2 protein chains.
Amino acid sequence: MEKQTVTIYDVAREAAVSMATVSRVVNGNPNVKPATRKKVLAVIERLDYRPNAVARGLASKRSTTVGVIIPDVTNIYFASLARGIDDIAMMYKYNIILTNSDDAGEQEVNVLNTLMAKQVDGVIFMGNHIDDKLRAEFKRAKAPVVLAGTVDPQGDTPSVNIDYAAAVEESVTNLIQRGHKKIALALGPLSQSINAEYRLTGYKRALNKAKLPYDDKLIYEAGYSYDAGTKLQPVIADSGATAVFVGDDEMAAGIINASIESGVSVPDDLEVITSNDTIVTQITRPAITSITQPLYDIGAVAMRMLTKLMNDKELDEKTVTLPYGIARRASTKSAK
Amino acid sequence: MEKQTVTIYDVAREAAVSMATVSRVVNGNPNVKPATRKKVLAVIERLDYRPNAVARGLASKRSTTVGVIIPDVTNIYFASLARGIDDIAMMYKYNIILTNSDDAGEQEVNVLNTLMAKQVDGVIFMGNHIDDKLRAEFKRAKAPVVLAGTVDPQGDTPSVNIDYAAAVEESVTNLIQRGHKKIALALGPLSQSINAEYRLTGYKRALNKAKLPYDDKLIYEAGYSYDAGTKLQPVIADSGATAVFVGDDEMAAGIINASIESGVSVPDDLEVITSNDTIVTQITRPAITSITQPLYDIGAVAMRMLTKLMNDKELDEKTVTLPYGIARRASTKSAK
DNA sequence: AAACTAATTGAAATCGCTTTCATGAAAATA
DNA sequence: TATTTTCATGAAAGCGATTTCAATTAGTTT
């Protein structure tokens, strides 16, 4: 017993007006006599009519849906961005089709294509790296794309980020000023430009400015996870580094816990600074000093930009850089 | 300069066949002569034709999209379920429209309605409480609904959960066996049935079985957050409780950190058990003993059930209860 | 009251695809 | 070879809205 669906035609008939008129009142078109509007509204209410968004999408060529590509919803960093995106989307009456890409290039392309097939009006992309193939797809897509918390050194896709290089440079400089000579850098895959082209650059700049030698033995490549951190810790300990900058909060938590459990004191023997200021930084003991990012806002601003693009408006700036900060917590010593 | 879109009509013309035939090859209908199929496929390739999912949805009355209602994507517990949902959805070629509800009844109803308007083929609902209004909407919806990690004591909506009451009962019983007489219970809002009707029940059963008195002064109601935990800790400390069962991992982390910082030793002065076994339980020191839940599977199974319902198949069981466990970590002492 | 402008409406085409039904061709059976 | 069956295919009718354009009605202005 399939549930009966009420269509615009039913409303038109019952209200003794044309479908066009019903469509007008549903869409708030002002060219409707108040009396007519009232009559139609009454019928809509009585029949409990809900416009079919799919039909509407086909006719109007706008789905009021945007696609969001995220590496993994369970990653707090990206989930926080997603929250900002969704709130603004809802504010503008858009729905979100959310898909996990696992940061895998092929999957990202697939997902983008199915999103386009669903006729999304726009796409927000989050990821750690953008390769040529993906870039080509962005160009090819007929809906606008905005990057959130995601850098593309090559492309000209609109994006919202903080200045990662500067943030790392400042963090590392702080460490240097406290006397550290051997500072490790624990990152995710160096195949990703966020690591290889931004964080590493910031790190090198700090070293250069302080005339400290660069030693690639101090650069560690690991996964974005707690376990990756615990496994990496002994290696870092062996390197003789007295401080470490970490690219992911969970990884940092792993490093800290493993350090303490192996008798390495944080911050006395090893100072730790991390990147994303998620709740994890407050949960560990010691709590972790971190670059602070306006996570929610990165998502929110990206979505705002996308709404402009979807309405064919010009963007004030294509590449938005939001301010970052540094939250000092117990995993670093106080400044000299 | 709007990008040109290739339609099924274009393909039909170029391939010198009818739209029906193109539709057949696109949908893998076997009733097409191999030679024809090949010819059509070649044209599809050449024109780079992608079927418009919206048009398809209108014509076929199936959108291959399911709605997912989640309290908050940044909540690791629900995000983990969402990940399971998405993976299975992708496996069955469904897309996910994800919306945050903030656990707010009104918002949940709204969101459900816009999902239905978008013609989703089904809905997965996650939340902490289901009231009559929502229940009524579920009934009214013409697409099937499945609850994931979400209980509804009244309703008969299909659902996937663990036996929360039993899990709490076992946890609390463990505490009792270690000699605790005053065991606090720190939960989210008691207006939510997961707390008032499941966790509390399990707690009382454990007490009853051990002939321990029930004292509602030991029941605490707070928010699902780290800060709520830190604020609650002194109150618990004052109560004289020597153990506490907590309904949320972040809250538990807050309680643990605040305890230690105020000189209360965990587990010596206060044993702590929590509910969701998220990564948080491994990050705190001491790590937190927790009920373990197959989070990913809860989502995955829920999505599997939904696909059955969407294809008008019968469910083997409407109420699926997955097994739970208890992971003993340092926030509790070892069993006697 | 005639003439003209502005405000409301409705008819009908469209959006891009699925699906039913009829038909002719090819294969199988008698 | 005549007669059934089975295959392949196309024509055309929707699906449920939006939107253009023309027609009608109501209001204004002389």
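In what follows, every heavy atom counts, from backbone to side chain, and hydrogens, waters and symmetry copies are set aside. Note that the coordinates shown come from a computational prediction; the quantities given were computed from them, not determined experimentally.
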Practice problem: Among residues two or more places apart or on two chains, list those pairs meeting salt bridge (charged side-chain N to carboxylate O under 4.0 Å, His left out) that have a residue in residues 143-154 of chain A. | Solution: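 Sorted result for residues 143-154 of chain A: A:Arg135-A:Asp152.
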
Practice problem: Could you list all the salt bridge (charged side-chain N to carboxylate O under 4.0 Å, His left out) pairs where at least one residue sits in residues 99-116 of chain B, not counting sequence neighbours? | Solution: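 Found A:Arg83-B:Asp102.
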
Which heavy atom of [X] sits nearest to which heavy atom of [Y], and what is that distance?
{"X": "B:Met310", "Y": "B:Met303", "value": "CE-CE, 4.2 Å"}
{"X": "A:Thr64", "Y": "B:Lys118", "value": "O-NZ, 2.7 Å"}
{"X": "B:Leu322", "Y": "B:Pro294", "value": "CB-CG, 3.9 Å"}
{"X": "A:Ile298", "Y": "A:Gln293", "value": "CD1-OE1, 3.7 Å"}

Quiz prompt | Test applied, side-chain contact (heavy atoms from CB on, under 4.5 Å); reference residue, A:Met126; option that passes from A:Leu81, A:Ile69, A:Asn75 | solution =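 With A:Met126 as partner, A:Leu81, A:Ile69, A:Asn75 yield a single side-chain contact (heavy atoms from CB on, under 4.5 Å), made by A:Leu81.
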
Exercise. Apply side-chain hydrogen bond (donor to acceptor under 3.5 Å, both in side chains) to B:Tyr224 and B:Asp72, showing your working.
Key: CA-CA 11 Å; B:Tyr224 297 111; B:Asp72 184 357; over 6 Å; no

Round to a whole Å and report the spacing from [atom1] of [X] to [atom2] of [N].
{"X": "A:Ile8", "N": "C:dA11", "atom1": "CD1", "atom2": "C1'", "result": "14 Å"}
{"X": "A:Leu58", "N": "C:dT18", "atom1": "CG", "atom2": "P", "result": "12 Å"}
{"X": "B:Arg56", "N": "C:dC17", "atom1": "CZ", "atom2": "P", "result": "8 Å"}

Practice problem: For B:Val54, report the nucleic acid contact type (base, sugar-phosphate, nothing); a contact means any heavy atom under 4.0 Å. | Solution: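 Nothing: the residue B:Val54, judged by heavy atoms under 4.0 Å, touches no strand.
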
Exercise. State, to the nearest 10°, the angle formed by the axis through the first five base pairs of the helix from C:dA1-D:dT30 to C:dA30-D:dT1 and the axis through its last five.
Key: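 Taking five pairs per end, the axes differ by 30°.
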
Quiz item: Looking only at atom types and distance, does a side-chain atom of B:Asn311 sit under 3.5 Å from a main-chain N or O of B:Thr307, one as donor and one as acceptor?
Solution: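 Answer holds: yes.
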
Quiz item: Under 3.5 Å, side chain of A:Ser63 to main-chain N/O of A:Gly57, donor-acceptor pair present?
Solution: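 Here the side-chain-to-backbone pair does not exist.
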
Quiz prompt | Comparing B:Ala16 and A:Thr7 on DNA chain D - which has the more 5′ nearest nucleotide | solution =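 With B:Ala16 and A:Thr7 compared, the 5'-side residue is B:Ala16.
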
Self-check item: Segment of DNA chain D, first to last nucleotide, that comes within the 4.0 Å heavy-atom reach of chain B
Solution: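 Going 5' to 3' along DNA chain D, contacts run D:dA8 to D:dG16.
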
Quiz item: What are the residues of residues 18-42 of chain B, sorted by number, that bring a heavy atom to within less than 4.0 Å of DNA chain C?
Solution: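 Heavy-atom contacts with DNA chain C come from B:Met19, B:Ala20, B:Ser23, B:Arg24, B:Asn27.
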
Quiz item: Mind checking what makes ring pair (Phe, Tyr, Trp, His ring centres under 6.0 Å) contact with A:Phe125, not counting sequence neighbours?
Solution: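 If we apply the ring pair (Phe, Tyr, Trp, His ring centres under 6.0 Å) test to A:Phe125, skipping adjacent residues, the hits are A:Phe138.
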
